[in-house]
Amino acid sequence: MKYTSQLMQDRPELLPLQENLEKAVQAAVQCYQQGGTIFTCGNGGSAADSEHIVGELLKGFLKKRPLSPDVAQRINEQAGADIACRLQQGLGAVSLVSFSAAQTAVINDLGADLMYAQQLTGLCKKGDVVIGLSTSGNAANVANAFYVARALGATTIAMTGRTGGKLREVADILLNVPADETPRIQEYHLPVYHAFCADVEEHFFQV
């Protein structure tokens with residue numbers, strides 16, 4: 001995997017993560033091949049990272065990702081203008097952080113620790129992937145999301161700090177970067193998920 005390999009060359013301290021990062025890419029590729037969706041969640045800075053991951057998947061990241069000719073033609077027939085040439089093929093991804101009305105309802109009625117788990121009961125299906133970011137690895141709402149995701153047949157990927165925290169026990173794939181302080185952990189998370197997104201994109205879009 002080109003971008004994962006490059007990351008390991010640039011940051012050799014991340015070499016212990018290479019196998020699991022490649023597994024994460026493979027899980028995402030398999031998810032998309034089956035028509036699935038990737039969901040992301042986190043809190044604070046990790047919520048922002050959740051949004052960032054989705055942004056790289058929903059439009060071209062390092063590739064142009066042209067639409068298929070038949071889809072482009074149908075869009076232009078509907079629009080009455082050539083807008084398809086400006087659109088890019090997205091990869092299905094949803095940030096659970098984004099649903100403010102649903103989140104506040106869950107927080108008010110059920111508890112903040114269920115804010116992501118409840119959303120997944122209505123959105124997640126077998127073969128999907130759920131990525132949870134928690135610098136400590138102990139975010140209760142991310143752990144509960146993983147319990148629901150695994151029960152529904154989804155693959156769970158945790159991005160954490162060195163220890164992995166509670167998510168070490170409930171993640172199918174653990175990406176625990178070699179740092180202990182929140183800012184340093186988040187600084188490592190960025191290149192890791194950039195390599196992840198780039199390698200997933202590379203699999204589906206060669207140009």
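Side-chain atoms of Asp128 come within 3.5 Å of backbone N or O of Lys125 as a donor-acceptor pair. Here the side chain of Arg150 pairs a donor or acceptor atom with the backbone of Val170 at under 3.5 angstrom. A donor-acceptor pair under 3.5 Å links the side-chain atoms of Asn176 to the main chain of Arg162, judged by distance alone. Judged purely by atom type and a 3.5 angstrom limit, Gln206 uses its side chain to pair as donor or acceptor with the backbone of Glu202. Formation of a donor-acceptor pair under 3.5 Å by the Gln88 side chain with backbone atoms of Lys64 is found in this model.
Here the CG-CG distance, from Leu57 to Leu91, works out to 6.0 Å after rounding to the nearest 0.5 Å. Rounding to the nearest 0.5 angstrom, the gap separating the CD atom in Gln119 from the CG atom in Asn141 is 10.5 Å. Taken from CE in Met159 to CG in Leu21, the straight-line distance is 8.0 Å, to the nearest 0.5 Å. Separating the OG1 atom in Thr160 from the CG atom in Leu174 is a distance of 4.5 Å, to the nearest 0.5 Å. Separation of atoms CD (Gln89) and CG (Leu67) is listed at 6.0 Å; rounding is to 0.5 Å. Atom-to-atom distance recorded for Lys63:NZ and Phe205:CZ is 10.5 Å, nearest 0.5 angstrom.
Here Arg184 does not pair with Asp180 in a salt bridge; the nearest charged N to carboxylate O distance is not below 4.0 Å.
Proximity of Ile53 to Leu133: side-chain heavy atoms (C-beta onward) are separated by under 4.5 Å at one or more points. Contact annotation: the side chain of Val97 never approaches that of Thr40 to less than 4.5 Å [non-hydrogen atoms, C-beta and beyond]. Side chains of Ile131 and Ser50 form no contact here, defined as non-hydrogen atoms less than 4.5 Å apart.
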### Task
With side-chain contact (heavy atoms from CB on, under 4.5 Å) as the test, would you mind laying out the steps for Asp49 and Tyr193 before giving the verdict?
CA-CA 9 Å; Asp49 284 327; Tyr193 67 67; 2.7 Å; yes
### CA sep, side-chain torsions, deciding dist, call: Val54, Val94, side-chain contact (heavy atoms from CB on, under 4.5 Å)
CA-CA 6 Å; Val54 168; Val94 174; 5.8 Å; no
### Evaluation steps, side-chain contact (heavy atoms from CB on, under 4.5 Å), between Leu167 and Asn138
CA-CA 6 Å; Leu167 293 182; Asn138 293 318; over 6 Å; no
### Query
Can you list the steps and then say if Thr155 with Asp172 is a side chain to side chain donor-acceptor pair (under 3.5 Å)?
CA-CA 6 Å; Thr155 298; Asp172 295 308; 4.8 Å; no
### Criterion ring-ring contact (aromatic ring centres under 6.0 Å, His included) on Tyr32 and His203, from CA distance to verdict
CA-CA 11 Å; Tyr32 285 136; His203 180 88; over 10 Å; no
### Task
Take Tyr3 and Glu201 through the test side chain to side chain donor-acceptor pair (under 3.5 Å) and record every step on the way to the result.
CA-CA 10 Å; Tyr3 295 99; Glu201 181 182 64; over 6 Å; no
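Evaluated for a side chain to side chain contact (heavy atoms under 4.5 Å, CB included) with Val130, the options Leu152, Ile38, Leu120 yield exactly one hit, Leu120.
Side-chain contact of Gln18 with Thr4: a donor-acceptor pair under 3.5 Å is absent, judged by distance alone. No hydrogens or angles considered: nothing links the side chains of Gln103 and Ser100 as a donor-acceptor pair under 3.5 Å. At a cut-off of 3.5 Å, with distance as the only test, a side-chain donor of Asp82 or Asn76 sits close to an acceptor on the other residue. Side-chain polar atoms of Asn144 and Tyr116 form no donor-acceptor pair below 3.5 angstrom. Side chain to side chain, Gln73 and Glu77 meet the donor-acceptor criterion of an N or O pair below 3.5 Å.
In this structure, Ala154 and Cys124 approach most closely via the heavy-atom pair CB-SG, 3.5 Å.
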